[in-house]
Structures are given as C-alpha cells and as structure tokens.
Colleague: 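Pasting a structure below so you can have a look.
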Number of protein chains: 2
Amino acid sequence: MRKIIVNLNYASYPIYIDFNLLNIKDIFYPLKKNDRVMLVTDTVLSPIWKNIVLGSLVDYGMIVDELIIPDGEKYKNFVSVELLISNLLNKCHDRHTTLIALGGGVIGDLTGFVASIYQRGIRFIQIPTTLLSQVDAAIGGKTGVNHVLGKNMIGSFWQPTSVIINLNFLNTLPKNQFISGLSEVVKYAIAFDYDFFVWLEKNINDILSLNMNTLLYCVTRCCELKKKIIVIDERENNCRMLLNLGHTYGHAIESYFEYSSFLHGESVSIGIVIALYTSEILGLLNIVDIKRIINLLEKIGLPTIIPKEISSRSFLKYMIRDKKNYFGQITLILPTSIGEVKVFNNVSKNIIMDAIQMCY
Amino acid sequence: MRKIIVNLNYASYPIYIDFNLLNIKDIFYPLKKNDRVMLVTDTVLSPIWKNIVLGSLVDYGMIVDELIIPDGEKYKNFVSVELLISNLLNKCHDRHTTLIALGGGVIGDLTGFVASIYQRGIRFIQIPTTLLSQVDAAIGGKTGVNHVLGKNMIGSFWQPTSVIINLNFLNTLPKNQFISGLSEVVKYAIAFDYDFFVWLEKNINDILSLNMNTLLYCVTRCCELKKKIIVIDERENNCRMLLNLGHTYGHAIESYFEYSSFLHGESVSIGIVIALYTSEILGLLNIVDIKRIINLLEKIGLPTIIPKEISSRSFLKYMIRDKKNYFGQITLILPTSIGEVKVFNNVSKNIIMDAIQMCY
Ligand SMILES: NC(=O)c1ccc[n+]([C@@H]2O[C@H](COP(=O)([O-])OP(=O)(O)OC[C@H]3O[C@@H](n4cnc5c(N)ncnc54)[C@H](O)[C@@H]3O)[C@@H](O)[C@H]2O)c1
Ligand SMILES: NC(=O)c1ccc[n+]([C@@H]2O[C@H](COP(=O)([O-])OP(=O)(O)OC[C@H]3O[C@@H](n4cnc5c(N)ncnc54)[C@H](O)[C@@H]3O)[C@@H](O)[C@H]2O)c1
Ligand SMILES: [Zn+2]
Ligand SMILES: [Zn+2]
C-alpha cells in the first residue's frame, strides 16, 4: 500500500493507494465502531461495487445509511444537494456523521460539497472509482455542483478526511472513461515531470491493459504531483493554476458541445495540443517535443484535433466566457518544455487564433 | 470610530463601529474603484437605508447591482440562496465580485452563506442593521440557512472581509427587536465580564433611549468579547460554546412555538433565567446574583418566565432534539458567578426539570 500525506496548515489527511484496500484493517480511520456514516454512490456503481464497501463498513461496526443518485453529470446539481441533505436530516444525522463518496468526480464533487455545508461542515471520505477521480478530482478539496448558467459555479474548498484509491475498481470502468482519465495523467507529466513522461512512453501498453503494478506507480506519481501543488496553493491563487494545462482550450470544446460529445479528458487532450502549438508560435517549445507528446496522446487513443463543427471564431468566444478569464483577459498555461509549464496572461488573440487553426 | 481587528490564522479583518460610518473615506477598503459588488437587503430595509449605502458605494466608483429579498426568517432558505446565485450569474459576476449584506441576521447569514459557495468562495462585507446582528450575528463567520427539517442546518464558516457597524441604523429598528438584541448583550456580561455587567446596570436607561455614545461603548464591548472567543476557537469545538449561554433552553422555547411567538433574544432571556436556576440547584450561584440578573432583564423589558403553554415535560423533549445535543446528551452552559460560565455535560434530567419548574 502507498500512503501519501497531504499536509495543510489546518489539517492533514492521507491518500491510500493499492489494489484491495477495503480489506485492510483501519482503512476507515479515524472512524470507529458505532460511528454513523452515509454512503453516497450512483446507479451504475451501486450494483457493481457498493456491497463490497458496505460490507467493509459493516464489518468495522459502523452504522450505515445509503443514498443512490442517478448516474451522470446532469445530477451534479442543487436538486441532488437538497436530496442528500434531506436524507441526512430525515435520518437524524448530526454533525458527527461522515459522508462516504463512492464514485467518480460527479459523486465526489457533490458529496464533498454537501459535507462542506451540512451543519457547517462534516467529515467525508473519498473512494474514487474512475481514473480521472483517482488521479485528480478526489484530491485537493475542490467540491461543487453545476448551475444551469455554468459548470461548477457553486462549490467550496473542503478537504476529505481520507482518500481511499482502490485500483481494482478500474477493472469495470468503461474503456473510454479510462482513456479520458489518462489525459490528466499526461497533463501532470508535461506540466511537472519529464522523467514521468518518459516512463509513460515506455509503459503505456501496460497501463492500457490495466497491469495493476504499473497502475499503482502511475496513480501514485500523479497523486504526489498534485499533492505538491495543493499544499503550496490550496485555493488556486497561484501555482495551482498550472494544473489547468489544456483546460482553458478544453472547456471551450466542452461547453460548445454542451458537455455531450466529448468526455472531459478528451477535450483536455485537444486542449493540450492547442496549448503546445501556442507555445510553438511563441517560440517556447520545439516541434520535436510537440510531436512526441501528440504521439503519446494518439497511442492512448485520445483525440488530438479540433472537431470541424467548431469554427475558430466561435472557439475563441467560448474561451472568453470561461469563468477564469475575467474581464475578457485569457489566462493560458503553456508548456515551455516537457516537464515545465508557465502562466501567460497576455497572449494576443491573433496568436491564440493561429494556434487554434493549426489544430483542425 | 472604534476599530477591532479579528485575527485568525489564515486571515484577519476589521470591525468598524461608529454613528455615521458610511461617510468615511475608504470604509469599503479593500474594495476599489470599478470593483463590482452585489448589495443584498430586505424589503423592510430597502426603503429606509438602502439608498444611503448605495450612494456611498457609487461615490467610491463601484459598480453596484442589488437584490432585495422579502423580509423575514422564512426567507432564510435554499430558495433565496438560488435566487441570489442566479442573479450573480445572470449579471456575470465572477469570483472577484463582493457581496454586501445590509440587514439583520437573516440577510447576513444568507449572504455570507452564498459568499462561501459562489464560485468556491468570494468576499463579503457585513453591514448589520439590528442590535442582535451588530453584537452577534455579523461577527464570527457563522453563515447559513434553514431547512424545513431544522434551523441553520445548512451553512459554513466564512469570515467577512469587514464588518461595518453603523449605530445610526438602530434609530429605525422596532423597539421589540432592539430589546431582543439586548439579551445577547446581557449574555456577554454574565458569561465573561462582571465589570461590563455593572456598567450595564448603571447605563441601561441611556441604552434604552438610544444614547449613541452609550451604545458605542456597549456594542464595542460586545464585539471585543465575541472576538476574543472566535480567535481562539473559530469552529466551536471548544470555548465558542460558552456563547450559547441561555441558548439550549431558549431553542426549546423557539422551536416549541415554531419561531412565531418569541423573538430569538426573548427566548434566550428566559433561557438565561433557567440556566441561573440550574446553577443554583447545583450550588454554583447564589440567589442574590440571580435576582440581580433577573432584575436587569426585567428592567430591559425582556421576559423571564416560561410561558404556561409549554409543559416542563415537553420542554425537555424539545431540548433533546436540539442539534447540539447529540446522542441525547444535553450540553449546558451555566454561570458560576456573574462574569463566568462553564460547560456541563452531565447535569441530570431531574435537575434540569427542577430548574425548569422554578421558572413558571
Ligand atoms: N474536484 C476536482 O478537483 C475535479 C477535477 C476534475 C474533474 N472534476 C469533476 O469530475 C466530474 C467527472 O468525473 P468522472 O470523469 O469521474 O465522471 P463520473 O463521475 O461521471 O463517472 C463516469 C461514469 O463512469 C461510471 N463509473 C465510475 N466508476 C466506475 C467503475 N469503477 N466501474 C464502472 N463504471 C464506473 C459512473 O457511474 C459514470 O457513469 C466532472 O463533474 C468534473 O467537473 C472535479
Ligand atoms: N451567524 C450568527 O452567528 C448568528 C448569531 C445569532 C443569530 N443569527 C441569526 O440571525 C437571525 C436573526 O437576526 P435578527 O434578529 O437581526 O433578525 P432579522 O434579520 O430578521 O431582522 C429583524 C427585523 O428587523 C428589520 N430590520 C432590520 N434592521 C432594521 C432597521 N435598522 N430598521 C428597521 N427595521 C430593521 C428586518 O427587516 C426584520 O424585519 C436568525 O436567523 C438567527 O439564526 C446568526
Ligand atoms: Zn481536468
Ligand atoms: Zn443568540
């Protein structure tokens, strides 16, 4: 078992990573016998993995209630928030209860958000089941739900009590979801760690065939890299922004298609490619490195070109509407080499348009 | 102008107290020209005081939107939360915007809560207009809204950017609201400050006739006392509980009458009296001190006996349902002298019943 401690000023919590974590004694520490918990999961996961977690919780002597939310991003909203809160109140959960999120980023973000506002904040444990949530969403304490007028517009920073990353869960994850998660993995490598990038190039086939030991290293490395950033800048005033490599461009694709045609990681992959070409135009990155990165993304099976439906003009419009680009100024995270990225606030619209046009 | 700095580990913010604060240059610091703000107030305050605040904000060159919520505790709910969030999104407020709460505890709690969850947290300024919110609700960062299944069940800890306590606002506050607020003032004195209690006995007539200089001292002293507690124990794990003197008993009265017959401070006043008698039975407090406190409460015009409608048996039942009394255990804050209170977790139900029976 790998264990990473996330040390924040006011709290610290562990991330556990292994194949079969739910059998381990005290995995739910600091919970103890007779503590109450509310297990939250979705309709897809419920028949597959819920009973394993439930069994483990009951074995520890905990008193478990459960709530199953319909599967899908569109249920990451205020209605689900109210549903979970009403359930907690109806079953008389007080502020000593603990929420347990079993699922991908949707369940994790929703459950974490409710944990942050129920009776002014209660404990919650993340048990991420998608690759994306294991390497990204479950770590770092960003929680939230969507509003009809914008994604993730309502939320908080609320750190989990622990994160239990059970790699076995990935065995039932649909392949396209797994591949989508890999784009965040590649993102970490490009942004922070050349050696990890080289390792990915070498081991990508083992990863794609779900070799558990390879995955253990891969997921652990991503968690370590994200942890390093979070402990310096929990609230994204500063270096946490670097994690958005590919995302400013990617969000434009997601919102253009109203979150229906592309998975998050797929649009991030295209976003990374546009970022690479933006770097090239600015003279920050050479074409050899760019080809090398695109080659890895393609080997994984991730998209690397902009779908023809989006004109370059409307692409730019959607970028400007992104909540991070206030006052119309676009903040870009751009690679300066494989393993390093920087923040750029004043790239001209012409350069951005040129980079976009190189990616059709 | 009095200025109290609330120093927390991760932030510190000022409380300003005076008669005519809105004329003072830089009162909205750190806001600056061209910053966007959303002014939130209620239907009662809007025709009385809104334009003064609005004028002041506009004079500073800020870009102001406003939202007026219907007056009353029943609008401190999720519907108002969504209304405020939709307004912010519709008017494209990004995470650099600031909310300004102009009103009593209802507007302050609601606005603070939205500030804590809009785009994972934005700034907000408290401009409390009731005595209760000036000495209590606006300070300390407790925010929240009610749920049909319980009061203040949804909320967060989110500190304001500043608190602007303009005493002139009290000139239009209904007398019963003013008197209700005074019960929190007496609470501070009993709990923490004998000298302040003596000062209150001497100056109560000037306070009741709204002498501004007397009020300035009174409100400032309360803010200082609350500040001292918050900086030690922001999240009420410990000594912040002492601020609940009179509240465990008081909440039972409020919820028995479904928050309709008594104002908050009125039920707290009765709650304080029951706490006094509980102390007496336990041999912690003598009858001379008790009479002296009751005398002050009566001089103010606060109720000091339990309404006959509530039987002592149902009183106890409502106390046990309070969210702070988990596992049926009742936590009481009891005075040990005028100026000192302590936490008691194991007062027997018989003693509590006896104390209740002494207060009809
Ligand atoms: N909080 C953060 O820092 C952060 C970071 C990135 C993304 N996110 C959020 O995460 C969400 C996306 O998360 P996601 O990609 O995990 O999607 P998801 O939670 O919607 O899960 C994807 C699908 O896979 C199913 N599934 C999950 N685990 C499974 C398993 N082991 N076996 C079979 N099916 C499984 C789910 O039921 C769902 O249908 C978005 O809402 C995004 O905003 C948050
Ligand atoms: N956050 C905290 O720490 C904290 C502490 C105590 C109470 N509270 C909350 O505060 C709320 C009660 O607050 P409140 O007592 O201020 O009540 P309130 O906000 O409902 O105000 C009382 C009434 O007075 C009116 N009013 C306010 N200021 C006025 C003025 N200057 N002139 C004329 N009318 C005015 C209001 O419109 C309202 O009708 C409750 O919801 C309670 O839960 C919060
Ligand atoms: Zn992402
Ligand atoms: Zn009170």
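All values below come from the heavy atoms of this structure, side chains included, with hydrogens, waters and symmetry mates left out. Lettering follows sequence order; numbering is per chain, from 1. Note that the structure is predicted; figures quoted are calculated from it, not measured.
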Colleague: Counting heavy-atom pairs under 4.5 Å with chain B, which one of A:L149, A:N9, A:V148 comes out on top?
Modeller: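 Among the listed options, the one with the most contacts to chain B is A:L149.
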Colleague: By the definition side chain to side chain contact (heavy atoms under 4.5 Å, CB included), identify the one residue from B:L67, B:I125, B:I100 that meets it with B:L39.
Modeller: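 It is B:I100, the one option of B:L67, B:I125, B:I100 that forms the side chain to side chain contact (heavy atoms under 4.5 Å, CB included) with B:L39.
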Colleague: For B:Y10 and A:E234, test the side chains for any donor-to-acceptor distance below 3.5 angstrom and give the result as yes or no.
Modeller: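 Result is no, nothing qualifies.
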Colleague: Between B:L88, B:N90, B:I117, which shows the greatest number of heavy-atom pairs under 4.5 Å with chain A?
Modeller: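 Among the listed options, the one with the most contacts to chain A is B:I117.
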Colleague: Which region of B:V114, side chain (C-beta onward) or backbone (N, CA, C, O), has a non-hydrogen atom less than 4.5 Å from a non-hydrogen atom of chain A, or is it both or neither?
Modeller: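 Looking at B:V114, nothing touches chain A.
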Colleague: Tell me, for B:T143 versus chain A, whether the close heavy atoms (under 4.5 Å) come from the side chain, the backbone, both or neither.
Modeller: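 The backbone, not the side chain.
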Colleague: Checking heavy atoms, do the side chain of B:F113, its backbone, both or neither come under 4.5 Å from chain A?
Modeller: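 It is the side chain, since no backbone atom gets that close.
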Colleague: Passes side-chain contact (heavy atoms from CB on, under 4.5 Å), A:Y249 versus A:I352? Steps please.
Modeller: CA-CA 10 Å; A:Y249 290 116; A:I352 293 175; 4.0 Å; yes
Colleague: Salt-bridge test for A:E236 and A:K142: reply yes if a basic N is under 4.0 Å from a carboxylate O, no otherwise.
Modeller: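 Result for this pair is yes, salt bridge flagged.
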Colleague: Side chains of B:S86 and B:L89: closer than 4.5 Å at any heavy-atom pair?
Modeller: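 When only atoms from C-beta onward are counted, B:L89 and B:S86 do not touch, as no gap falls below 4.5 Å.
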